Amino acid sequence: MDRYNFKTVEEKWQEKWLESGVFRSKVDHSKKKFYCLEMFPYPSGKIHMGHVRNYTIGDVLSRYKSLQGFNVMHPMGWDAFGMPAENAARENDLDPKEWTNKNISTMKEQLKKLGLSIDWDREISTCSEDYYKHQQLFFLELYQKGLVYRKENYVNWDPVDQTVLANEQVIDGKGWRSGAIVERKKLNQWFFNISKFSQELLDGLDDLKQWPNKVKVMQKNWIGKSFGCEITFKTEGNLPVKEIKCFTTRPDTLFGFSFLALSVDHEISKYFSDDEDFKEFKKECSKTGTTEEAIAIGEKIGFKTNLKAVNPLNPSQKVPVFFANFVLMDYGFGAVFGCPAHDQRDFDFAKKYGLDIKTVVKPEGEEDTFEVKDEAYSGPGILINSEFLNKLKAPDESIIKTIDILEERKLGNKKINFRLKDWGVSRQRYWGCPIPMAYDENGNVIPIPKKDLPVKLPENVDLNSKGNPLDAKTEWKNITINGKKYVRETDTLDTFVCSSWYYLRFCSSKNAEYGYKQEEIDYWMPVDQYIGGVEHAILHLLYSRFFTKALGYKNSNFKFREPFEGLFTQGMVCHETYKDQNNLWLSPEEIELVGNTFHKKGDPNNKVKVGPSESMSKSKKNVIDPENIIQSYGADAVRLFILSDSPPEKDVQWSDQGMIASYKFLQKLWMLHNRIKEKIKIQNNGIEGNESLEKFTNQMINKITNNLEGFNYNVIIANIYETYNFINKIIEKDLDSKTLKDNYKKILTLFSPAIPHFSAECLEDLNFEEKIEWPIIDKDLLEDDKIDYVIQINGKKRAILKESRDMDQDSLMRKIKLNKLSEKYLKDKPINKIIFVKNRLINLLINE
RNA sequence: GGGCGAGUGGCGGAAUUGGUAGACGCGUUGGUCUUAGGAACCAAUAGUGCAAGCUGUGAAGGUUCGAGUCCUUUCUCGCCUACCA
């Protein structure tokens, strides 16, 4: 008997699938569609285990849905713009496009070896003109709808590299590449008006029933809706400032007002631009702002101005105005009214600067003389010391009442404030989608005419030039439109823009006229199941939701409101970390086990320190290369292992032993397959095991179907093992050929989403040529006619009786009386109460 | 500081949602076969006890005939987020 040769089998089926085009999808209104999408990869060079896990999960689902008769679309593409290409190209002196395309072809081959059911005809790459020209058109459309605008905004500026850095590229206040101290610089940038949809994006979350709650909560917090009031404070002092606006959620504590605090970037700061002390203070603020620790400790510092702010509800009260480090310019109005008694931050600040702390809310049940002492009180209660507001219930009643009064007296307005800010999409980078805009000599903006799209990225640019390489490319930059001279916008779009609409492009990946074809998105959208890492919980998913809403804005053809109906966030793949005696990271291949300690390979004196299991990363060298693993064990074995060890939403530990076990299991399964094959050939008409085989198969259909529906993919693998164990036993028995054949076919079908090559090979080996469909559960067979009844006495399990299904209480009692257990536990003691759960258990309550 | 989630054998994890706790796998132990085993197969494997049994799902209470599952309090860990007015 041959061993299972995964190499030939997997290659054979991968070729077959590709040639026959089984995974090709097209609109077919006679069938229900299922759009399965995994987050497309960045072509960094090679696939990693995270990809293997992500795409295996999606593949199991796609194959399962196909077998169920759905018209499945399962596409794949490349998130191909971005900085790594630009950096790699600079380091190796080559073209980012070349580098990217080479990576794409490598990774595509690797993905194919996993045996994924992907419709490669729909492949897209965001860095190709075919893709980004449509993105430019969308940009212009959004511009026309008023959803795109330009404004000055602060950015992280690297003065050495002359470029803008993303927040995550600023490490301890320094540029990640140059090491230069990052400056805050105001730059003109393009923005998408995502905040216009704040409320819609928030409300939409309620409809996303198949999203993890965790992600919805994160988005909700990110959008950050708060209800409150804007209050205009009159000011007095030696500056030409008459009033300052604040946003507050607690206007009801206005009688506890004791100072007003401004952000150092507040417009009033312009009057202090020559003040040396203020400059010093501002520097101090930016220092504390950078480290997370400083924020956690949260030392509050302030700079006192000569201004006084007037309490609008009590004009005789005038309080000092400070600049303070804890006030953010981009939230509310960059100004806060301080009420130390009921806000911990304000409390800390007041303590430090010796400001009044006046209690205006007491907890229910306290005396009116209640006073805040060691910390602010922000809980519910009753208003005190607040004149006409006294006795109101805080917070709900008091806030509404106060806002009413402020509005009536024209001192303030009810206001809903969102934390969500508009999306700055300009990047001073080469390797991205050019923004299709231009400027005349006066700096006036015009969109590039649609007929001139796409604005192509120029080739042969000098990536080593300071700043944006596009800026240096004068022959590209200077253009003429309708005989008039213009200069192109040289910024490119944030790569998140590319991934905000790629799910639409997959529906019509070849459509040349427009980003999508209406009838195709009408059929395929929304994505039924989206699968990816939780690290995209906010940005990518929020931007995609925004893009859908923006395209649907003033466009009645756009029928769906949300791009992703279902979302599944898979966990990471982890591995132990290793360090040698010099504290250098070692990869798993660089170590070996001698006795029971690890040493560096070939260096028995260099003991290895085993660190905690962490997400695989190149920097910690705790990576396992999927290519090697597939090479040694085959795709099905890898799939089996990656699914088996943990629920897909949780992190999984890579284990060599587990991997080997999966490999060995397939070998065992192949042996079993051959025994089954022999048995079927013999054409016997046994009866012994038929019934139990049918029952088992039917129960397995039920279990595996339910586990697929619930994403319990690790349990499916356990079910496959169970099935092996069962058949391995029953195969000894006398079975009828036809029964064995029919049931085995069903079982192989159940296996095929997880181990597709193996299952296909076995099915073919037995000439199961008819169309393979997901087996149907026989409800009658599901119910065993013998039940294990749990017999409890006073709630304790005392026995299990195998009796017939649907037995009533009295009959079961009679059986119990006949049992020796009755003698032992019951004797003649009176039974006080009987709890009987049909087909499950009986609990007898007696006096002990 | 705020939010979310999780604590079950030596390990990863199951448990039809309130009804036999520990499925399945790894590891370990014993055995069979073998020149050999880091192969294959068989068996055992929560703790304790010779056994009947008793005890067991982070801890303490509670509801219930019955709690890993529900409620209250508490501890620990993980993730996200952060001076959001």
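Within every chain, numbering begins at 1; the chains are lettered A, B, ... in the order of the sequence lines, protein sequences first and strands thereafter. The shown structure was predicted, so the numbers you read here are calculated from the model rather than taken from an experiment.
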- Query: Would you say the ring centroid of A:F322 lies under 6.0 angstrom from that of A:F349?
  - Reply: yes

- Query: Using purine N1 to pyrimidine N3 plus N6-O4 or O6-N4 for Watson-Crick, or N1-O2 and O6-N3 for G-U wobble, each under 3.5 Å, what pairs with B:rU69?
  - Reply: none

- Any-strand Watson-Crick or G-U partner of B:rU17, both distances under 3.5 Å: none

- Query: Salt bridge or not for A:D343 and A:R345, using N-O below 4.0 Å?
  - Reply: yes

- Rounded to whole angstrom, note down the P distance from B:rC71 over to B:rC4. 14 Å

- Note on the structure: Between CD1 of A:I660 and P of B:rA40 the distance, given in whole Å, is 10 Å

- Task: Between B:rG38 and B:rU28, how far apart are the P atoms? Round to whole Å, please.
- Result: 10 Å

- Task: Mind checking A:V652 for me? I need base, sugar-phosphate or nothing, with any heavy atom below 4.0 Å counting as a touch.
- Result: nothing

- Return yes when atom NZ of A:K695 has more than 12 non-hydrogen atoms of other residues, nucleotides or ligands closer than 6.0 Å, and no otherwise. yes

- Task: Could you tell me whether the phosphate oxygens of B:rG13, OP1 or OP2, come under 4.0 Å of any side-chain nitrogen or oxygen in A:K650?
- Result: yes

- Message: How many whole angstroms separate atom NZ of A:K838 from atom P of B:rG19?
- Response: 18 Å

- Item | Identity of whatever pairs with B:rG56 - Watson-Crick or G-U, under 3.5 angstrom | none

- Task: Answer yes or no: side-chain N or O of A:Q344 and base N or O of B:rG1 forming a donor-acceptor pair under 3.5 Å.
- Result: no

- Item | Pair A:F333 and A:F247, ring centroids less than 6.0 Å apart | no

- Message: Measuring from the side chain of A:I835 (C-beta onward, heavy atoms only), which nucleotide among B:rG19, B:rG12, B:rA85 has the closest atom?
- Response: B:rG19

- Minimum-distance nucleotide (side-chain atoms of A:L328 versus B:rC41, B:rG13, B:rC84): B:rC84

- Message: What I want to check is whether an N or O donor and acceptor connect the side chain of A:K300 with the base of B:rC83 at under 3.5 Å.
- Response: yes

- Quantified in whole Å, what is the P atom distance between nucleotide B:rG10 and nucleotide B:rA82? 40 Å

- Basic-acidic side-chain contact under 4.0 Å: A:K601, A:E592: no

- Same-atom distance (P) from B:rA59 to B:rU45, integer angstrom: 25 Å

- Message: Heavy atoms only, 4.0 Å cut-off, all strands: where does A:Q653 land among base, sugar-phosphate and nothing?
- Response: nothing

- Item | Rounded distance (Å) that lies between atom C1' of B:rU81 and atom CG of A:L539 | 13 Å

- Aromatic contact, A:W654 with A:F641 (centres under 6.0 Å): yes

- Query: Would you say a side-chain N or O of A:R798 is under 4.0 Å from OP1 or OP2 of B:rC54?
  - Reply: yes

- Looking across every strand, which nucleic acid part, if any, lies under 4.0 Å from A:K664 by heavy atom: base, sugar-phosphate, or nothing? sugar-phosphate

- Quick note, A:Q657 side chain, CB onward, closest among B:rG27, B:rC65, B:rG19 is B:rG27

- Task: Between B:rA6 and B:rG68, how far apart are the C1' atoms? Round to whole Å, please.
- Result: 13 Å

- Item | Contact under 4.0 Å: A:S646 side-chain N or O vs B:rG13 OP1/OP2 | yes

- Item | Partner nucleotide, any strand, of B:rG78 [Watson-Crick/G-U, under 3.5 Å] | B:rC4

- Message: Regarding A:L845, tell me which of base, sugar-phosphate or nothing describes its non-hydrogen contacts under 4.0 Å with the strands shown.
- Response: sugar-phosphate

- Query: Where does B:rG7 land, syn or anti, given syn is within 90° of 0?
  - Reply: anti

- Heavy atoms under 4.0 Å, any strand shown: does A:F247 hit a base, just sugar-phosphate, or nothing? base

- Hey, is B:rU35 sitting syn or anti, using the within-90° cutoff around 0? anti

- Query: Is the shortest side-chain N/O distance from A:N417 to OP1 or OP2 of B:rA85 below 4.0 Å?
  - Reply: no

- Query: Below 4.0 angstrom, N of the basic side chain to O of the carboxylate: do A:R675 and A:E732 qualify?
  - Reply: yes

- Task: Assign A:S655 to base, sugar-phosphate, or nothing according to its heavy-atom contacts below 4.0 angstrom with the strands shown.
- Result: nothing

- State whether A:N832 places a side-chain N or O below 4.0 Å from either non-bridging phosphate oxygen (OP1 or OP2) of B:rC65. no

- For the pair made of CG in A:L262 and P in B:rC83, what is the distance, rounded to whole Å? 18 Å

- Query: At under 4.0 Å between heavy atoms, what does A:V217 touch on the DNA or RNA strands: base, sugar-phosphate, or nothing?
  - Reply: sugar-phosphate

- Take A:F333 and A:D651, find for each the nucleotide of RNA chain B with the closest heavy atom, and name the residue whose nucleotide sits nearer the 5' end. A:D651

- Message: By the 4.0 Å heavy-atom rule, please label A:S644 as base, sugar-phosphate, or nothing.
- Response: nothing

- Paired with A:F665, the side chain to side chain contact (heavy atoms under 4.5 Å, CB included) test is passed by just one of A:I717, A:I755, A:I660, A:I720, namely A:I720

- Task: Just compare B:rC4, B:rU20, B:rA85 and give me whichever is closest to any side-chain atom of A:K214.
- Result: B:rC4

- Contact class for A:D788 (heavy atom, under 4.0 Å): base, sugar-phosphate, or nothing? base

- Task: Return no unless some side-chain N or O of A:Y721 is found under 4.0 Å from OP1 or OP2 of B:rG25.
- Result: no

- Lys NZ or Arg CZ of A:R3 over A:W670 ring: under 6.0 Å, within 45°: no

- Task: Determine which nucleotide pairs with B:rA43, using a 3.5 Å limit on both distances of a Watson-Crick or G-U wobble pair.
- Result: B:rU29

- Query: When the distance from CZ of A:F323 to P of B:rA85 is rounded to whole Å, what number comes out?
  - Reply: 22 Å

- Item | A:K796 or A:N843, whichever maps to the more 5' nucleotide of RNA chain B | A:K796

- Item | Length of the line joining A:N725:CG and B:rC24:C1', which is rounded to integer Å | 8 Å

- Mind checking the P distance from B:rA67 to B:rA21? Whole angstroms is fine. 11 Å

- Item | Separation between the C1' atoms of B:rC11 and B:rG22, rounded to whole Å | 13 Å

- Task: Would you tell me if any nitrogen or oxygen in the side chain of A:R345 comes within less than 4.0 Å of OP1 or OP2 on B:rC84?
- Result: yes

- Message: Taking the C1' atom in each of B:rG53 and B:rG7, what is the distance between them to the nearest angstrom?
- Response: 30 Å

- Quickly work out the A:F418 CZ to B:rC84 P distance and round it to whole Å. 18 Å

- Query: Between atom CG in A:L841 and atom C1' in B:rA21, what is the gap in whole Å?
  - Reply: 15 Å

- Look at the side chain of A:W222 and decide which nucleotide, out of B:rU16, B:rC84, B:rA82, has an atom nearest to it. B:rA82

- Task: Answer yes when A:E614 and A:K620 have at least one side-chain N-carboxylate O distance shorter than 4.0 Å, and no when they do not.
- Result: yes

- Query: Which base, if any, makes a Watson-Crick or G-U wobble pair with B:rU35, both distances under 3.5 Å?
  - Reply: none

